[in-house]
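Below: the structure, in structure tokens.
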Amino acid sequence: LGLPSSSSHALIGGLCGAAIAAGNNSWGVLIWTRAKDGVPWYRYDGIVYKVIIPMFLSPVLGLVLGLLLMSFLYVVLRRWRPRTVSKTFGSLQLVSAAAMGLSHGQNDAQKTMGIMALTLVTATKAHQLDALPGWLSFLKIEDLGPKSDQIPHWIVVSCALTMAAGTAAGGWRIIRTIGHKMVKLQPVHGFAAETTAASILYATGHFGMPVSTTHVITTSIMGVGAAKRLSAVKLSVVQRILWAWMLTLPVTGLLGYGLLRLARLLGG
């Protein structure tokens with residue numbers, strides 16, 4: 001449909017739905033809040049602190065910071081020639097795009113790696129992989145500690161290659177929705193939006209918050225467009241995007257729940 005939905009929230013929704021089904025419809029299997037003494041709230045664990053609060057906070061930050069950065073650039077560049085602006089920021093956008101790509105991997109790839117590692121640890125502890133032939137023994141993971149270097153290298157490489165292939169292959173419809181239909185972007189706008197989104201993603205990644213890259217870059221673009229004039233943002237497209245955002249978590253939760261129940265009915 002060409003709508004930029006959140007793969008992060010899709011993964012989280014599917015995982016929560018499957019967990020509830022595996023726990024015989026018990027919502028208690030989900031860790032909602034887990035406070036820690038002597039640390040600020042953004043260091044707490046649980047769905048509320050790590051998912052729900054950042055889910056609403058990060059898009060707002062993208063909108064506000066994108067608006068502020070673009071407004072600042074308008075003031076600084078007001079005496080520049082349009083041709084000079086386009087040429088300068090055409091080059092600078094290579095840097096901001098690289099930062100965006102790195103923060104994308106730092107945020108999104110980690111979630112996929114976590115799901116894969118979680119699945120294999122669970123299967124290993126349940127002795128479901130005991131019958132595997134020797135050449136598949138690399139699939140067995142006994143435990144995961146707090147350090148990322150305990151994630152097997154083959155998981156890291158497979159996630160990196162798959163994300164790179166998916167990004168290269170494309171979703172031109174999504175590119176067209178964000179870069180043309182929602183706001184008409186020039187290089188300076190792209191630089192401002194990418195710089196804003198990358199900064200937010202680096203910060204949330206540092207605190208272990210799996211936020212939506214899609215939501216952050218989309219609202220950053222909205223903020224950049226609104227800095228020029230509010231009418232530059234096509235609200236009809238924004239409305240469709242918001243519907244996709246709101247439906248992602250509940251729909252994927254129901255799908256995760258339904259698929260696991262179906263697997264059990266089929267003897268899985």
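Given the structure is predicted, the values throughout are model-derived calculations rather than measurements.
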Exercise: identify the closest heavy-atom pair between [X] and [Y]:
X	Y	result
A192	L73	CB-CD1, 4.0 Å
A22	R264	O-NH2, 3.2 Å
L139	L129	O-CD1, 3.7 Å
Q93	P187	OE1-CA, 3.5 Å

Knowing that exactly one of I217, T213, D108 qualifies, which makes a side-chain contact (heavy atoms from CB on, under 4.5 Å) with L201?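 It is T213; the other options fail the test.
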query = Does the side chain of L67 come within less than 4.5 Å of V224's, by heavy atoms?
reply =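 Counting from C-beta outward, V224 and L67 never come under 4.5 Å.
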Within a strict 4.5 Å, meaning less than it, do heavy atoms of the I47 and I31 side chains meet?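 Answer no - side chains too far apart.
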Working for side-chain hydrogen bond (donor to acceptor under 3.5 Å, both in side chains), residues K140 and T124: CA-CA 6 Å; K140 296 181 181 180; T124 302; over 6 Å; no
Can you get from M116 to I141 by hopping between Ile, Leu, Val, Met, Phe, Trp and Tyr side chains that sit under 4.5 Å apart?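 Linked within one cluster.
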Self-check item: Hydrophobic cluster membership, L118 vs I155, 4.5 Å side-chain cutoff
Solution: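 No, it is not one cluster - the side chains of L118 and I155 are not joined through contacts under 4.5 Å.
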Report task. Let me see the working for M70 and T196 under side-chain contact (heavy atoms from CB on, under 4.5 Å), right down to the final yes or no. Result -> CA-CA 10 Å; M70 195 64 233; T196 299; over 6 Å; no
Pair N25, Y257 - check side-chain hydrogen bond (donor to acceptor under 3.5 Å, both in side chains), show working. CA-CA 9 Å; N25 301 329; Y257 179 90; 2.4 Å; yes
Over 60° means perpendicular and under 30° means parallel, so tell me whether Y74 and H189 are parallel, tilted or perpendicular.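 Judged by the thresholds at 30° and 60°, the geometry between Y74 and H189 is perpendicular.
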